[in-house]
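Throughout, a chain's letter reflects where its sequence line sits, starting with A, and its residues are numbered from 1. On a predicted model such as this, the values are computed, not experimentally measured, just so you know.
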Amino acid sequence: MPQDDLKIGVFICECGTNIAGSVDVDSVVANAKKTGNVVYSTKSRYMCSEPGQAEIKKAIKEEKLDRVIIAACSPRMHEPTFRECVASVGMNPYLVDMANIREQCSWVHMGNREAATKKAKDIMKAYVARARYLQPQEEKEIPVERATLIIGGGIAGMQSALDLADAGYQVYLVEKEPSLGGLMSKLAKTYPTMDCAI
Amino acid sequence: MMDVGRHPNIKLLTNSKVEAIKGYVGNFDVKVLKKTRYVDETQCTACGDCAEVCPVVVPDAYQQGLSSRKAIYIPFPQAVPSASLIDMESCLGTNPIACGKCADKCDKKCIDYDAKDETIEFKVGTVIVATGMDVFDPVILEEYGYTKHENVVTSMEFERLLSAGGPSDGHFIRPTDRQRPKTVGFVQCVGSRCEKIGKPYCSNICCMNTIKDTLLLKDHYPDIQAKVFYIDIRAFGKGFEDLFKRSKEAGVQYIRGIPGEITEDPKSRNLKVMVEDTTSNKIEEHEFDMMVLSVGVTPRLDMPEVQQLLTLSKTPDGFFMEAHPKLKPVDAPSTGIYFAGCAEAPKDVKDSVTQASAAAARAETLLSAGKVKLEAITSTLDTALCRYCATCSRVCPYGAFTVDPKKKTISYIDALCKGCGTCAAECRFGALTMKHFTDEQIVTQIDAHLAEDPGEKVIVFACNWCSYAGADTCGGARLQYPPNQRLIRTMCSGRVDEKFVLHAFRKGAPMVVVSGCHYVDCHYIDANRWTQKRVEKLWDKFEKWGIRPERLLLEWISAAEGQRFQKTMQDIEELRKKVTKEEIEQTVKILTEEEEKDKAKAKKKQADSPTKKKS
């Protein structure tokens with residue numbers, strides 16, 4: 001079920017002229033303010049910059065935001081940046097989402113400001129709608145048993161075993177045949193050194 | 001080999017087989033069956049007295065069957081562990097009355113005919129798969145007469161014939177008359193680059209192996225005449241070209257052309273070939289005392305066993321598939337499992353050693369940290385809704401589900417889940433939910449995009465790793481396209497439930513695109529296989545319902561294919577323009593009716609079936 005009592009903040013990035021050049025950012029901000037659950041919206045020249053991030057952190061604290069939407073570049077670029085940003089003021093990093101209005105909007109509809117702005121608004125609104133369903137997520141950490149199983153005692157298995165064992169880890173090397181050596185041990189000589197294989 | 005045998009941190013289990021691996025990264029429980037040697041390997045001094053008295057003689061596999069060994073034997077002089085073992089299949093019997101000669105002879109009393117296999121269990125955090133390869137068996141290529149002509153040998157047999165520790169003690173002889181051959185011919189690409197026998201790939205090592213063989217021959221016997229028949233000589237590694245040059249300078253003749261057939265002169269037992277030299281376009285005849293088939297490398301026959309133990313995948317060539325061919329060439333798709341050597345692809349000693357060290361380093365990354373962060377975006381299972389149909393276990397690329405439909409049990413290990421969401425898209429009972437990409441989250445995005453002017457918009461589902469990234473690449477290159485598409489990101493195209501597609505059409509979308517990684521590029525092994533099946537099913541349904549299937553597109557676009565993304569979007573806009581308002585209205589009507597029918601059916605089913613007790 002959507003949470004209807006959420007306070008959502010929407011931050012629109014101009015990315016210099018990268019976004020602002022094709023999208024009317026002010027009208028996207030105005031539109032955001034009229035979208036359900038959005039209690040705060042603003043723009044910044046560079047949202048990913050220190051001042052941009054400071055603005056997000058300040059708004060989360062002052063406006064008591066529950067969810068944050070950054071309409072900017074691709075999440076493939078800056079999702080980690082903004083996850084870290086919100087986490088630093090105590091928000092779960094999975095409660096921030098990025099609406100991609102640069103790579104998939106302003107950069108591909110240059111010279112068509114009206115359509116690009118309309119599309120940017122749609123993208124923003126879709127993410128605000130989605131934000132109402134966002135839940136905090138947890139990155140679980142589990143212990144790692146400090147030992148390795150190596151299946152195969154040919155040249156590759158032996159090399160891996162020696163590297164790990166020399167580094168101090170326990171290695172279990174399992175070989176099907178009665179001896180180590182694998183296929184390589186059957187070779188008379190090996191290239192490029194032309195020396196014995198064993 | 002010796003270093004491995006005596007290293008205090010290595011527990012060496014030879015003559016052994018991994019029987020079971022349970023668990024996940026950081027926590028694998030391993031069960032190994034250590035088959036008995038019938039000889040106490042800690043006491044045996046490898047004196048060989050036992051083998052001397054053994055009356056049983058069998059072909060020696062280590063020498064490629066070119067010589068013999070006894071039933072009690074040491075695999076080869078430098079074997080590790082350096083101890084004898086009994087091949088019980090050929091031993092005259094465990095009954096000392098039948099034979100028992102070796103046990104009588106052994107001073108240290110190491111031999112125990114009643115010794116039992118042992119099961120060893122332990123826990124590890126990481127696994128390295130270094131299972132190696134098999135060598136191509138040329139029996140099926142009848143034209144080369146490997147089974148008919150004794151003087152046709154494989155490159156592996158040739159290795160043994162040339163080896164100082166080989167069956168002829170390093171004297172190079174041919175099988176029929178045990179005389180030293182004066183002319184030797186090599187045929188390349190036997191079992192490689194051959195579509196007709198299903199081995200289209202290059203085996204990587206055979207060109208250099210033959211070059212090495214010719215150099216060894218010329219070093220030992222400068223008067224020997226050697227000729228190599230080839231398609232291309234691939235001497236691409238460091239120092240390889242130099243060896244190739246040396247071989248040619250030593251007088252080895254390289255002829256570009258592969259013989260169609262090898263025939264034998266019954267009297268001299270010499271071999272004759274006809275070949276078209278493609279550099280001179282002339283048909284030539286050559287005669288040799290002996291011929292060597294330069295055999296390729298094939299995936300191991302017993303690979304499916306290891307594949308099942310660890311839920312691994314194979315590439316079309318049959319070797320194990322890595323997590324990413326370029327960026328994660330050592331990792332298996334499941335975290336904590338790595339590849340070393342020929343298990344992943346054919347490679348020579350140097351490359352095997354390189355990958356083995358890389359695999360060790362990758363494993364060490366986890367081992368030294370001592371802990372590992374798990375994927376946060378995974379599926380969750382509501383067992384109360386599960387009907388044990390086992391669809392999830394069939395579609396999960398990582399084997400995270402185990403379902404027994406008869407016993408009505410399901411187990412799900414979320415540590416194995418990588419978050420593709422295919423299970424949630426396929427589950428018909430709503431028992432599986434994909435965190436962060438839930439049905440509600442995706443449907444609400446569709447609704448938001450189609451709230452205004454839906455008839456102008458195209459809904460495009462794009463997977464995070466390829467098609468969404470391809471859209472980004474397109475943007476990065478400023479490749480322009482019409483502004484009517486609306487992208488919805490999922491981690492994998494496998495997440496795109498058919499109900500998302502139907503919902504979009506019901507909301508008045510003229511076109512819907514499902515896009516993902518190209519087949520072999522899927523970041524969730526083969527989850528996009530299920531995407532394809534799902535879309536094909538939808539096309540059939542559309543056909544039945546009278547909706548044009550062309551309005552639903554399935555596109556594979558990689559992260560690098562910005563231009564392809566642009567072209568696809570341009571083409572789609574042309575198609576969209578042809579979808580009339582009336583057609584959209586008709587579709588909405590059909591799909592709304594179908595939805596009503598489904599709801600009624602579900603209601604009836606619920607009323608008919610006894611109420612499910614909630615435990």
Proximal component of B/Ala469, with respect to chain A [non-hydrogen, under 4.5 Å]: both
B/Met569 portion near chain A, given a 4.5 angstrom heavy-atom threshold: neither
Which atoms of B/Lys347 approach chain A - backbone, side chain, both or neither, heavy atom under 4.5 Å: neither
Rounded distance [0.5 Å steps], CD1 in B/Ile211 versus CG in B/Leu243: 7.0 Å
Region of B/Ile10 in contact with chain A, defined by heavy-atom distances below 4.5 Å: both
Interface residue of largest heavy-atom contact number with chain B, from A/Lys125, A/Gln159, A/Lys119, under 4.5 Å: A/Lys119
Heavy-atom contact with chain A under 4.5 Å, split by part of B/Glu41: neither
Per-residue contact mode, B/Asn464 against chain A (heavy atom under 4.5 angstrom): both
Option in A/Lys186, A/Met184, A/Lys118 with maximal non-hydrogen atom pairs under 4.5 Å from chain B: A/Lys186
Partner chain B: residue of A/Tyr94, A/Tyr127, A/Tyr191 with the largest heavy-atom pair count (under 4.5 Å): A/Tyr191
Between A/Lys189, A/Arg102, A/Glu175, A/Glu177, the one whose heavy-atom pairs under 4.5 Å with chain B are most numerous: A/Glu175
Top contributor to chain B interface from A/Pro192, A/Gly157, A/Ala115 [non-hydrogen pairs under 4.5 Å]: A/Pro192
Per-residue contact mode, A/Asp166 against chain B (heavy atom under 4.5 angstrom): both
Engaged part of A/Ser185 at the chain B interface, taking heavy atoms whose separation is under 4.5 Å: both
Atom NZ of B/Lys35 with >12 non-hydrogen neighbours under 6.0 angstrom: yes
Chain B contact via A/Glu139 - which portion, at a heavy-atom distance below 4.5 Å: both
Trace of the side chain to side chain donor-acceptor pair (under 3.5 Å) decision for B/Asp472 with A/Gln104: CA-CA 6 Å; B/Asp472 282 355; A/Gln104 295 174 10; 3.1 Å; yes
Side chain B/Lys457, main chain B/His449, donor-acceptor under 3.5 Å: yes
Validation row: A/Arg146, B/Val124 side chains within 4.5 angstrom (heavy atoms): no
Least distance between heavy atoms, B/Ala359 atom then A/Ser160 atom: CB-OG, 4.2 Å
OG-CD1 distance between A/Ser44 and A/Ile12, expressed to the nearest 0.5 angstrom: 11.0 Å
Toward chain A, the part of B/Val135 with a non-hydrogen atom under 4.5 Å: side chain
Side chains of A/Glu103 and A/Cys73 in contact at under 4.5 Å (non-hydrogen atoms): yes
Best-contacting candidate, A/Gln170, A/Met77, A/Lys121, A/Glu138, against chain B by heavy atom pairs under 4.5 angstrom: A/Gln170
Which of B/Ser16, B/Ala448, B/Ala79, B/Ser82 touches chain A most, by non-hydrogen pairs under 4.5 Å: B/Ser16
A/Val10 side chain near A/Tyr40 side chain, heavy-atom distance below 4.5 Å: no
Proximity breakdown for B/Ala61 and chain A, heavy-atom pairs closer than 4.5 Å: backbone
Qualifying salt bridge (charged side-chain N to carboxylate O under 4.0 Å, His left out) pairs with a residue from residues 54-75 of chain A, counting only residues at least two apart or across chains: none
Contacting moiety of B/Phe565, where chain A heavy atoms sit under 4.5 Å: neither
Interchain contact, B/Phe240 with chain A, by part (heavy-atom threshold 4.5 Å): side chain
Toward chain A, the part of B/Thr378 with a non-hydrogen atom under 4.5 Å: neither
Point-to-point distance, once rounded to the nearest 0.5 Å, from CD1 of B/Ile337 to CD1 of B/Ile21: 7.5 Å
Donor + acceptor pair across side chains of B/Lys212, B/Asn209 (<3.5 Å): yes
Selection from B/Asp242, B/Ile205, B/Leu450 maximising heavy-atom pairs under 4.5 Å formed with chain A: B/Ile205
Part of A/Met158 within contact of chain B (heavy atom distance under 4.5 Å): both
N/O donor-acceptor pair under 3.5 Å between B/Gln445 side chain and A/Ala129 backbone: no
Max heavy-atom pair count under 4.5 Å with chain A, selected residue of B/Ala340, B/Gly170, B/Gly239: B/Ala340
Chain A interface, residue from B/Ser155, B/Ser357, B/Ala343, B/Pro81 that has the most non-hydrogen pairs under 4.5 Å: B/Ser357
Chain A contact via B/Arg362 - side chain, backbone, both or neither, heavy atoms under 4.5 Å: neither
Inter-residue atom distance A/Phe11.CZ - A/Ile69.CD1, 0.5 Å rounding: 10.5 Å
Worked check of salt bridge (charged side-chain N to carboxylate O under 4.0 Å, His left out) between B/Asp302 and B/Arg300: CA-CA 5 Å; B/Asp302 54 10; B/Arg300 280 186 71 97; 2.8 Å; yes
Among B/Tyr338, B/Phe158, B/Tyr62, residue most engaged with chain A (heavy-atom pairs, under 4.5 Å): B/Tyr62
Largest heavy-atom contact set with chain A, pairs under 4.5 Å, which of B/Lys350, B/Gln64, B/Arg37: B/Arg37
Atom group of B/Val127 that falls short of 4.5 Å from chain A, counting heavy atoms: both
Neighbour count above 12 (heavy atom, 6.0 Å) for B/Met2 CE: no
Residue pairs involving residues 169-190 of chain A (criterion ring pair (Phe, Tyr, Trp, His ring centres under 6.0 Å); sequence neighbours excluded): A/Tyr172-B/Phe122
Chain A contact via B/Asp447 - side chain, backbone, both or neither, heavy atoms under 4.5 Å: neither
